[in-house]
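One structure is given below, encoded as structure tokens.
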Amino acid sequence: MSIAILMFTIRRYLYWRTLISISMLILGWALWVGALLSTDLVVTREWARSMLFGPFIPMCVALYVISPQFANTQQRKDGEYLSLIFSRPLPRWSYVLSKWLSGVIFILAIVIIQAVLAFALAGVAGRQPRDVLDCYSVADAILNAISYTALIVLISSLPSPWGYWIFAWIWAACVLITMGVGTMSFITSLSVSELSNSVVTAAQFLFSFFSVGIDSYHVFKSSRLPLIDIVIYVSNVVCYLTLSMFAMNRREFFYAND
Amino acid sequence: MLMTELGRTNSLPRVMLVSCLILLLLRALVICYGTYFPPKRTQDLLVWQQPKPIEPNRKDLLSTPTLYYFCDEKNLLGIVLTNLFENTLFNNRDVVELIRNNFIPVKVERQENAPHQLFDDLSQKFSCEVFPCMVVTLSNGTKVSYTSWQSDRMLIAILKDALSQCSLSAAQEAMLKGNFGLACQAFAKIKSEKSDLRWTLSDDRLANTIHWFFALKHERREKEAAAVLGETLSVWLNRFPNHERIWPIPCLRYLAGQVSIDDVLKETDQYGGPLVTAHYVIGVQSELNGDLETARKHLRLAVAKKQDEDRDDYKLARAELRLMGEAVPSSEGD
């Protein structure tokens, strides 16, 4: 992995237009979460927790900042640095990993700023951060940042039509399941006697590629260790990154735009 | 356009490729194992009771509430959804403990080729249309909370919220049925739980104070009633010293003897408070003070506000009139 690319990519995220628009979004989101935290109900506090540490912030920020399909980087004047960085051949896998890691760091920074703002707002109303901030929240924030950034790196490495389609499918699955079930981690071994086991296995295997995030609370509090959730999560992250490396190897790319 | 060299730079790291393949194989194996050797069903963790017809006349409203779990397994989709629902929620140790300790768990299921009259009756009574779902009720079948698909954390939050609301629902039910002793117990329970839920919400707290005050007065516990009223007024006015006219503070001040009937009605009109509440408060207070003529007049005025028939005070005014021996025609809210 290239430290130069990592630092340079993080620097690219600090583009003034991106920063201004993200600041507005952060402020709006923090106000909303702060209001939910201030309300004296366990249900609204749980909503606030999932809004702060759930999958939505990682997915939206990663899409907005990383993906060329959505983030317009053409206008950035980065050219003067490129000749120095690319004066030696750079493995594309190194570029993919650097991009992923820089995205994770950037998203975690956003989540931390977001949480500090929301807690400060809720603090005015006398609410304590400990109401929603626990080890599971921290674990969820890190794990979701890792997995959703990997997914967005995959989307961003694909040519536009493919990227859009994959994004649309993943987004639909995420919204459907997250709105209905909460964080997606429910594909625990499903056995339906009315269906053949091979059909159930195949369906679960295919559908589990859409299971991007993980709910650490669900995993640790389960009455039996949900090995399947952990394996799906880890294999999805590795699979997204491997596929994005593969895709990058098969096409031309222009650093300033990718 | 800047491009990287072909050949040297576009190789896929072997470690990455091998680990990806191994993990995918592992995933397939784990899924296969889970499908062919399924883990034990959640019934082993939670002992579900069989459903019985509801007894609406039960008076032990503060007893353990019932948690109805409705699942519809009449077709393949229903079976899959039920499996997912149970695997998601009822394997969580915290969820299981919360249900075991605080609820009577009842499973209401519909299966293909099995009689399902009770399932139909109960799901219709509790307006359940999406399955699987859960309903929390008091012992007499009063619906307190409903939820369907949730994450396990959100389900815990909803169940805790429902537990807190159970006491409030019990208090309201008892007031409507004229069981003021039980209402006093329920209000005291809400406060003793020091719940951070409904009780501390300003509007609800003030409304609850009025009802608790009347329940205590009906039970002739004058000192306690004065203490409840005084505490709420002092807490509120210390926190918001300039809000002594905010609704329904004028009603509380009237009950404390600080303002007259005319002032209450004037401030209700001025600050947009519901007249049904003002008339209800004046009516019951007059009744408790022995002025039955004024009481009847204001309670009738409260009952005349048909546009407010969803409000608790409207229903309570009707119940008070009945207690005073007046014939009140029944309505949907009764």
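Computed over heavy atoms, backbone and side chain alike; hydrogens, waters and symmetry mates excluded. Keep in mind it's a predicted model, so treat the numbers as computed, not measured. Just so we're on the same page: letters track the sequence lines, and every chain starts at 1.
- In this structure, the side-chain hydrogen bond (donor to acceptor under 3.5 Å, both in side chains) partners of A:Tyr217, at least two apart in sequence or on a different chain, are B:Asp94.
- Distance check: A:Cys239 SG to B:Leu24 CG gives 5.0 Å after rounding to the nearest 0.5 Å.
- By the salt bridge (Lys or Arg N to Asp or Glu O under 4.0 Å) test, B:Asp312 is found to be paired with no residue, residues two or more places apart in sequence or in another chain being considered.
- Of the atoms belonging to B:Ile156, it is side-chain heavy atoms, and not backbone ones, that fall under 4.5 Å from chain A.
- Taking CG of B:Asn92 as the reference point, atom OG of A:Ser223 lies at 8.0 Å (rounded to 0.5 Å).
- The distance from atom OG1 of A:Thr242 to atom CE of B:Met16, rounded to the nearest 0.5 Å, is 4.0 Å.
- The heavy-atom pair separating A:Ile232 from B:Arg27 by the smallest distance is O-NH2, 3.8 Å.
- Rounded to the nearest 0.5 angstrom, A:Tyr233 OH and B:Leu23 CG are separated by 12.5 Å.
- Atoms CE and SG, on A:Met245 and B:Cys20 in that order, are 10.0 Å from each other to the nearest 0.5 Å.
- Nearest heavy-atom pair, B:Leu12 versus A:Asn249, reported as atom, atom and distance to 0.1 Å: N-ND2, 3.8 Å.
- Put simply, CG on A:Leu227 and CG on B:Leu26 are 7.0 Å apart, with the number rounded to the nearest 0.5 Å.
- Of the two parts of A:Phe209, the backbone and the side chain both hold a non-hydrogen atom closer than 4.5 Å to a non-hydrogen atom of chain B.
- Between chain B and the residues A:Val234, A:Asn236, A:Leu241, the largest count of heavy-atom pairs under 4.5 Å involves A:Asn236.
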### Query
When you look at B:Arg153 and A:Asp134, which way does the salt bridge (charged side-chain N to carboxylate O under 4.0 Å, His left out) test go after all the steps?
CA-CA 13 Å; B:Arg153 267 184 100 124; A:Asp134 54 19; 2.9 Å; yes
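- Residues A:Ser222 and B:Arg93 come closest through the heavy atom pair O-NH1, 2.9 Å.
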